[in-house]
Colleague: 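Below is one structure. I have some questions about it.
Numbers restart at 1 for each chain; the letters A, B, ... are given by sequence-line order, proteins then strands.
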2 protein chains.
Amino acid sequence: MPGGFLNMDEDLADCAKRELEEETGIKNVYLEQLYTFGKHDRDPRERVISVAYYALIPSDRLTLQPASDATEAGWFAYDELPELAFDHREIARTAQERLVAKLDYSTIAFQFLPKQFTLSELQDVYEIIRSEPVDKRNFRKWITARNLIEATGNERRNGSHRPAQLFRTKRPGRVEIIR
Amino acid sequence: MPGGFLNMDEDLADCAKRELEEETGIKNVYLEQLYTFGKHDRDPRERVISVAYYALIPSDRLTLQPASDATEAGWFAYDELPELAFDHREIARTAQERLVAKLDYSTIAFQFLPKQFTLSELQDVYEIIRSEPVDKRNFRKWITARNLIEATGNERRNGSHRPAQLFRTKRPGRVEIIR
DNA sequence: TCAAAAGTGTTAACAATACACCCATGT
DNA sequence: ACATGGGTGTATTGTTAACACTTTTGA
């Protein structure tokens, strides 16, 4: 939950990108405007309008660049958030709700994964965000029928069991509406 | 496309409501935050951040209170909009896209209709927003299966043909997510 | 009696669900 | 050889789509 101020001659999304990078070192991730929070009393000290953005970060890039400017930043599970200031928990809830909704009708899930991923990892994303188990066979039928991913030909060996095929999205970077 | 300034101690949605009422006389309609437009050069004169809201107005209330404060306000079909200032056409397009998307997964369509309406009127809303014809029998099966509306027992006589039953929504005012 | 919109059912195609076992690997 | 996660097919149910005629009314 980084927060910062908009510079003159800076677009809103650029401000969000800059703040994210300053506090975490992360660049080039999916970023979407979430909502603008402007209740007159949300910050008791002064009138603040916050144009909130949220980013989705591939699991392999979830690091905190220690360079990050000495402010206390950290990653937390959604249901293990620490105390947050003002209405920041409401902001987090709004983002979580947006995410759950978008999972159903967009390809947003890929934004959580590295370029190559296994079908089990993709299924994990759906199960975690939906907070419920998904049938493996039906999930694989569903995702392959949608023509969004393709096998890379590579496999991942990962412990004492059969290796998993690695897939990639056909249109990386793009979040599309599906149905 | 009214636009106005936020007062101290006024919430964003209240500002939008106030502006809508000042310019059209319309109150108590569905209002939703659309998006916040903040490109640094969207207004060449000065830096402006616009937190845009959109309202949906029942067809029987689409009037302009002539009291409206002398600014030029008017109703226009979406595809017959006059020249608009700055990025205001982009704002209108964003609202139209939101509407088309929401039609599919919410009960937003009812917000365009009076308290009592016929199934043909409801079908018209879907056809107009989708810009394509809808099968009458399938539409009626679909909408009745969803348990959102009920017959009022009244009919509307409207020309030299069979009168239409009037329906109402079961939970007026509420826009719900459906699937 | 005519024109105009309201109202109504069946069938076929497709999509979603439920469900259980074998496969390939590392230890 | 065993434990682990990877990988696969079928039958059933539910949902969506295509399609045409009768009803009621006012003029």
Colleague: Could you identify which residues of residues 101-114 of chain A place a heavy atom less than 4.0 Å from some atom of DNA chain D, listed by residue number, or say none?
Modeller: none

Colleague: If the sugar-phosphate is the primed atoms plus P, OP1 and OP2 and the base is the rest, what is the B/S/- string for nucleotides 9-15 of chain C, using protein heavy atoms under 4.0 Å?
Modeller: BB-----

Colleague: Mind checking what makes side chain to side chain contact (heavy atoms under 4.5 Å, CB included) contact with A:Val100, not counting sequence neighbours?
Modeller: A:Gln96, A:Ile129

Colleague: Mind checking what makes side-chain hydrogen bond (donor to acceptor under 3.5 Å, both in side chains) contact with A:Thr169, not counting sequence neighbours?
Modeller: none

Colleague: Please name all residues satisfying side-chain hydrogen bond (donor to acceptor under 3.5 Å, both in side chains) with A:Arg45, sequence neighbours left out, ordered by chain then number.
Modeller: A:Asp43

Colleague: Using side chain to side chain contact (heavy atoms under 4.5 Å, CB included) as the criterion, list what pairs up with A:Arg89, not counting sequence neighbours.
Modeller: A:Leu81, A:Leu84

Colleague: Can you give me the N/O atom pairs linking the protein to nucleotides 4-7 of chain C at distances under 3.5 Å, or say none if there are none?
Modeller:
residue, atom, partner, partner atom, Å
C:dA4, N3, B:Ser160, O, 3.3
C:dA6, OP1, B:Ser120, OG, 2.9
C:dA6, OP2, B:Ser120, OG, 2.8
C:dA6, O3', B:Pro163, O, 3.3
C:dA6, N7, B:Lys136, NZ, 3.3
C:dG7, OP1, B:Gln165, N, 2.8
C:dG7, OP2, B:Arg140, NH1, 3.2
C:dG7, N7, B:Lys136, NZ, 2.6
C:dG7, O6, B:Lys136, NZ, 3.3

Colleague: CZ of A:Phe139 versus P of D:dG7: gap in Å, rounded?
Modeller: 12 Å

Colleague: In this structure, how many angstroms lie between the P atom of C:dT8 and the CD atom of B:Gln123, rounded?
Modeller: 14 Å

Colleague: Who pairs with A:Tyr30 by ring pair (Phe, Tyr, Trp, His ring centres under 6.0 Å), at least two apart in sequence or on another chain?
Modeller: none

Colleague: Output a table of donor-acceptor pairs, distance under 3.5 Å, between side-chain atoms of residues 106-113 of chain A and any protein atom two or more places apart or on a different chain; print 'none' if there are none.
Modeller:
residue, atom, partner, partner atom, Å
A:Ser106, OG, A:Lys102, O, 2.8
A:Ser106, OG, A:Ile108, N, 3.2
A:Thr107, OG1, A:Glu176, N, 2.8

Colleague: In chain order, what residues pass the side chain to side chain contact (heavy atoms under 4.5 Å, CB included) check against B:Ser120, with sequence neighbours excluded?
Modeller: B:Thr118, B:Arg140

Colleague: Can you pull out every ring-ring contact (aromatic ring centres under 6.0 Å, His included) where at least one residue sits in residues 145-179 of chain B? Sequence neighbours excluded, please.
Modeller: none

Colleague: Please determine whether a side-chain nitrogen of the Lys or Arg among A:Glu22 and A:Arg18 lies less than 4.0 Å from a carboxylate oxygen of the Asp or Glu.
Modeller: yes

Colleague: Just jot down the side chain to side chain contact (heavy atoms under 4.5 Å, CB included) partners of B:Glu90, sequence neighbours excluded, or say none.
Modeller: B:Phe37, B:Asp87, B:Arg93, B:Thr94

